[in-house]
Participant: 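Quick one: the structure is below, and I'll ask about it shortly.
Below, chain A is the first sequence line, B the second, and so on; all start at residue 1. FYI, side chains are in, hydrogens and waters are out, and symmetry mates aren't considered; it's all heavy atoms of this structure.
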Amino acid sequence: MAKYNFKEKEKHWQNFWAEEKIYQFNPQSQKSFYTVDTPPPTVSADYLHAGHIMSYSQAEFIVRYKRMRGFEVYYPMGFDDNGLPTERYVEKKYNLNKNNINRAEFIKKCLAETKIAIQTYRNLWQILGISVDWTKTYSTINQHSQRISQWSFLDLFKKGKLIHKDDPVYWCTNCQTALAQADLEDTEESSFLNYLTFKTKDNKEFLIATSRPELLPACVALFFNPKDERYKKLAGKKAQVPLFNQQVPILADEDVDIDYGTGLMMVCTWGDIEDVKKCRKYDLTYRAVFTQDGKLNELAKEFAGLKIDKARQEIIKKLKAEGFLKKQEEIIHVLNTHERCKTPVEFIKTKQWFIDILSVKNKLLAQINKLKWYPSYMKKRAIDWINALNQDWCISRQRFYGVPFPVWYCQQCGEVIVAQEKDLPIDPLQTQPSNYQCAKCKSNKLIPEKDIMDTWMTSSVTPLIIAGLIEDKAVQKKLYPINLRPQAFEIIRTWLFYTVVKSYYHHQSLPFYEVMISGHGLDDKGQKISKRLGNFIPAEKIVEKYGADAVRYWATGSTLGENLRYNEQEIKKGSRTVTKLYNAAQFCFLHFKKDDYSKLKIDDLLLEDKWILHYLNQTVKNSVKYFDNYQYSKARDEVDNFLWHYFCDNYLEFVKHRLYQNEPDKKAKTVLSYCLLAIIKMYAPIMPFIAEEIYNLYFADFVKTKSIHLTSWPEIIKNLKYSSKETEEFEKVLSVIRDIRKYKSEKQISLGEEVGEYTTSIKLSENNIEFIKQVAKVKEIIVK
RNA sequence: GGGCGGAUAGCUCAGUUGGUUAGAGCGUACGGUUCACAUCCGUAAGGUCACAGGUUCGAUUCCUGUUUCGCCCACCA
């Protein structure tokens, strides 16, 4: 008997699907559209592992299911290649940094890397059988995406939602760019709380605890809690800062924690967000000491030019030497770092573009509530994030590889000039508005904006980008808002949140109706997979070894929203399921002739036929219920159970005696073929290759649809008339068969061997006695 | 410090609105098969449902608290 060669067959069907354009979206279709947003993977992942397989497969199960449920599915593919992740990747690979980069050269390198990465991803999606319409792809750096990102900027500009301000902003001193709150990640760091002596003009000494003595030159005020009796006498006085000797006011504020350190707080330009708040609230002096590349400036006197952490050490040394340092306490504190490079972020005052989000928090919360979340508890993460926001969305980055701002400034008066919509996409460094004259100052000299946009400026309009890939405007309208956003939980605060923001401002609508949140892929010990730990097998290797169907089978294993361990046992189970399906099909086809495929006639079925069809009905019903709620793992369990325990272990055995006859029973064959087709259809979303293979071995000729993936989901057979009496009857039959099997097992008799007689107390009809004698191989059944 | 999710068989996990004996797969033990099955089938052993209270006729399920793991968030200088 022919074995199923997954390597050969999977390759074959990949090509078949591509050549026959099975997954191509038809904009003219009369069916309802079902659009899926694709999470553009960042190209910097040059290692693809089980986690990538898992997250993409999980979204794709739904895509295939919906296609078979009669929707015209629009499933394009995007590649997220612009922005800092790619820049970081290229910098590392070529050992570059911002200060030794030629902008044009650098962008060229980024584009080249992008191309390679896209190919790597595309290859994996193809061998996995991800059913994307490959004629509809985009990358976040291409002209189409740039045009829409810039349009988004212009639209927000017109609507007055943009703020261009010179303000303290989160800053990465390593990447040397402004950041948004969402780009931060907390890290624990052990450090020292240093108790330093300050004194007033009249030489009254007191202690202040600080973990950042390098900020002493930037100190602008001291604060205590007005309820704190210890310091009331200091109110209104001035203090002298050790080493740097500037005089700073001593003020009271209720936010100061009496119990932390000495209860006195040193406020600087700016060590953290609390400093920023206090400086604003009390309009304190501006004394910034940090430079954009993470050093101290001339305010630090002899320490000027030192890196921040080096300066801290040196200043502590000198404080100690001069007797200002009274004691040090070891502490562990949390600090914000840039999630891409883990460098602690600082506040630096620079001019940046922001999107107003703080003033519409409540509106955004309402939008989040209107979305349908799967699983529902994930909504809380978005709500918590919005409530925690303390900065508007900073969208400008002092980097090179990304979408340019369509903006110039008047050299003389600084007036902002934005591009015309018809000219997009545009790079202000390359192009200038012709015949320009400033309306305010009549100058005709313009300075182009050289910053680029936050990469999420593009990712946040993916629904518009994918709708825009279709020419027809009427179809575009039908594609937006889209139906489903599949994504992982760690980008709720970015991809999901920002997309909701954009859609709210642009269209006063939701960008999508439903969101399906998946978890992470973990290694076999439950650890997060990471390049650094090297705890993964490359994705292509896994597929090569077990086949795409088997790996996809593993990927169905997690409950939605939960992490999934890499588990080779499960993949092997997937392989076994493929084999089982193939063998069951082979067995059927051995007996089938062309004319055995005919319409099921319900009226003249035997009891065992009704029984199997009844459970098939249940399986179809449940699979629909589960898939509709994105519970693909439960849907799979249902089908697995039906295949192994109802169809193979029992029904196939029940009908063998009807097939091995001179005149094989045609009814049995009809029921077999009906069940088999339904089974492979229900497996098709999960294991598309084996389903297609079996379909084409027999069914394609009759169903007259060239791919199983274009057929429709099995229907529930109505009027089966499997009465409760019959149900009860057949349950008795099954229990007797079970007993006989047990009996034979205990007596160590082969199941295939015919035994003389078997006695049961269960009352059975003549027909059923005959049936049991046939399938359980017993000569005589005695009912007592 | 706040929030979210988990803790069920040796392992990985299901357990639907509270209701007889808590399930599956893998693994283990014993047996049978090679006439669809790179096997497959049958039978069996294995659980104080993290812990402690409470509500109830009845709790793995609901409530409270504790322990513990994971994740997210936070300005404690």
Side-chain angles (χ1 to χ4, degrees), chain A residues 1-4 181 184-186 193-194 208-212 215 219 222-223 255-268 270-278 331 333-336 375 377-385 387-390 489-490 492-493 519-520 522 524 526-528 554 557-559 561-570 572-573 575-591 622 625-626 631 633-634 637 640-641 644-645 648-650 652-653 656 659-660 737-738 740-753:
Chain A
M1 177 148 306
K3 302 288 179 208
Y4 177 65
Q181 195 178 345
L184 310 182
E185 185 182 274
D186 353 323
L193 195 54
N194 304 284
I208 287 191
T210 176
S211 62
R212 301 199 66 184
L215 275 164
C219 178
L222 303 180
F223 279 88
D255 284 349
V256 177
D257 185 344
I258 296 174
D259 299 323
Y260 190 88
T262 62
L264 272 171
M265 174 183 182
M266 171 175 112
V267 169
C268 312
W270 304 285
D272 57 32
I273 188 128
E274 198 57 26
D275 283 350
V276 175
K277 277 191 200 161
K278 292 263 186 316
I331 53 163
H333 65 162
V334 177
L335 46 86
N336 277 322
Y377 64 82
M378 286 291 177
K379 179 161 88 173
K380 188 88 168 62
R381 298 203 180 199
I383 290 171
D384 287 350
W385 174 250
N387 283 327
L389 280 167
N390 58 33
F489 55 68
E490 78 270 22
I492 287 175
R493 66 183 196 176
H520 278 139
L522 304 177
D524 53 352
Q527 290 279 316
K528 199 169 166 174
W554 159 76
S558 77
T559 306
E562 309 245 311
N563 294 333
L564 179 62
R565 282 189 190 206
Y566 179 70
N567 183 343
E568 227 157 284
Q569 289 292 354
E570 275 295 299
K572 283 180 185 159
K573 196 180 156 200
S575 296
R576 286 202 351 254
T577 307
V578 169
T579 308
K580 188 80 177 171
L581 261 178
Y582 189 72
N583 284 322
Q586 290 282 331
F587 172 78
C588 291
F589 299 155
L590 211 66
H591 297 280
N622 289 334
K625 181 178 85 185
Y626 291 136
Q631 293 174 299
S633 66
K634 287 191 181 172
D637 286 347
D640 272 354
N641 192 40
W644 289 80
H645 303 306
C648 292
D649 293 350
N650 285 299
L652 286 186
E653 299 301 328
K656 273 180 181 169
L659 296 172
Y660 291 115
I737 290 172
R738 258 195 305 272
I740 296 172
R741 284 173 177 170
K742 191 172 176 175
Y743 169 80
K744 287 184 174 178
S745 180
E746 279 164 1
K747 301 269 180 214
Q748 308 194 356
I749 300 169
S750 140
L751 291 179
E753 190 175 324

Participant: Looking only at the side chain of Lys380(A) (C-beta and beyond, no hydrogens), which of the listed nucleotides A36(B), G3(B), A14(B) gets closest?
Facilitator: G3(B)
Participant: As a test of reading the structure: which of C75(B), C13(B), A36(B) is closest to the side chain of Arg565(A), going by heavy atoms?
Facilitator: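 Nucleotide nearest to Arg565(A)'s side chain: C13(B).
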Participant: Just call it for Cys648(A): base, sugar-phosphate, or nothing, with non-hydrogen atoms closer than 4.0 Å on any strand.
Facilitator: base
Participant: With a 4.0 Å limit, can you tell me whether Gln181(A) has a side-chain N or O closer than that to the phosphate oxygens OP1/OP2 of A74(B)?
Facilitator: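 True: Gln181(A) side-chain N/O within range (under 4.0 Å) of A74(B) OP1/OP2.
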Participant: For U56(B) and C72(B), measure between their P atoms and round to the nearest Å.
Facilitator: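 Per the computed distance, 41 Å lies between those P atoms.
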Participant: Counting heavy atoms from C-beta on, name the nucleotide in C13(B), U43(B), A77(B) closest to the side chain of Met265(A).
Facilitator: A77(B)
Participant: Using the C1' atom on both, measure A29(B) against G46(B) and round to a whole Å.
Facilitator: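 Result for the C1' pair: 11 Å, nearest Å.
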Participant: So what does Lys656(A) touch, heavy atoms closer than 4.0 Å: a base, only the sugar-phosphate, or nothing?
Facilitator: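 Base contact.
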Participant: With P as the reference atom in both, quote the distance from G18(B) to A59(B) in angstrom, rounded to an integer.
Facilitator: 13 Å
Participant: Does Val276(A) reach a base, just sugar-phosphate, or nothing at all? Heavy atoms under 4.0 Å.
Facilitator: nothing
Participant: Answer with base, sugar-phosphate or nothing: what part of the nucleic acid does Ser558(A) contact at a heavy-atom distance below 4.0 Å?
Facilitator: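 Touches nothing.
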Participant: Check whether any side-chain N or O of Asn194(A) sits under 3.5 Å from a backbone N or O of Thr210(A) as a donor-acceptor pair, and report yes or no.
Facilitator: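 Here the side-chain-to-backbone pair exists.
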Participant: Which dot-bracket notation, 5' to 3', represents the base pairing of RNA chain B when pairs are defined as Watson-Crick or G-U with both distances under 3.5 Å, crossing pairs as [ ], and inter-strand pairs as |?
Facilitator: (((((((..((((.....[...)))).(((((.......))))).....(((((..]....))))))))))))....
Participant: C1' atom, A45(B) versus U28(B): distance in rounded Å?
Facilitator: 8 Å
Participant: Nearest to the Ala388(A) side chain among A36(B), U12(B), A74(B), which nucleotide is it?
Facilitator: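 For the Ala388(A) side chain, the nearest candidate turns out to be A74(B).
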Participant: Counting any heavy atom closer than 4.0 Å, what does Tyr660(A) reach on the DNA or RNA strands: base, sugar-phosphate only, or nothing?
Facilitator: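 It contacts sugar-phosphate atoms only.
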Participant: Which is true for Asp255(A) with a 4.0 Å heavy-atom rule: it touches a base, it touches only sugar-phosphate, or it touches nothing?
Facilitator: nothing
Participant: Return the nearest nucleotide to the side chain of Asn390(A); candidates are C75(B), C72(B), A36(B).
Facilitator: C75(B)
Participant: Quick one: label Val267(A) by what it contacts on the DNA or RNA (base, sugar-phosphate, nothing), any heavy atom closer than 4.0 Å.
Facilitator: nothing
Participant: Look at the side-chain N and O atoms of Asn583(A) and state whether any lies under 4.0 Å from the OP1 or OP2 oxygen of A38(B).
Facilitator: yes
Participant: Using atom P of each nucleotide, how far apart are C62(B) and A7(B) to the nearest Å?
Facilitator: 11 Å
Participant: Using atom C1' of each nucleotide, how far apart are G10(B) and C57(B) to the nearest Å?
Facilitator: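 It works out to 37 Å between them.
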Participant: With the criterion being N/O to N/O and under 3.5 Å, what pairs connect the protein with nucleotides 24-26 of chain B, and how long is each?
Facilitator:
from: C26(B); atom 1: OP1; to: Arg576(A); atom 2: NH2; distance (Å): 3.1

Participant: At 4.0 Å (heavy atoms only), tell me whether Glu490(A) reaches a base, stays on the sugar-phosphate, or touches nothing.
Facilitator: nothing
Participant: Taking N and O atoms by type only, does the side chain of Asp257(A) place a donor or acceptor under 3.5 Å from a partner on the base of C76(B)?
Facilitator: yes
Participant: Counting heavy atoms from C-beta on, name the nucleotide in C40(B), C71(B), A74(B) closest to the side chain of Val334(A).
Facilitator: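 Output: A74(B).
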Participant: Over all heavy atoms of both residues, which pair between Leu522(A) and Lys528(A) is shortest? Give the atoms and the distance, please.
Facilitator: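 Looks like CD2-CA, 3.8 Å.
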Participant: What contact category does Trp644(A) fall into here, base, sugar-phosphate, or nothing, at under 4.0 angstrom with non-hydrogen atoms?
Facilitator: sugar-phosphate
Participant: Could you check whether Tyr377(A) gets within reach of a base, just the sugar-phosphate, or nothing at all, counting any heavy atom under 4.0 Å?
Facilitator: sugar-phosphate
Participant: How is Lys572(A) classified with respect to the nucleic acid when contacts are heavy atoms under 4.0 Å: base, sugar-phosphate, or nothing?
Facilitator: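 Answer is nothing: Lys572(A) stays at 4.0 Å or more from every strand.
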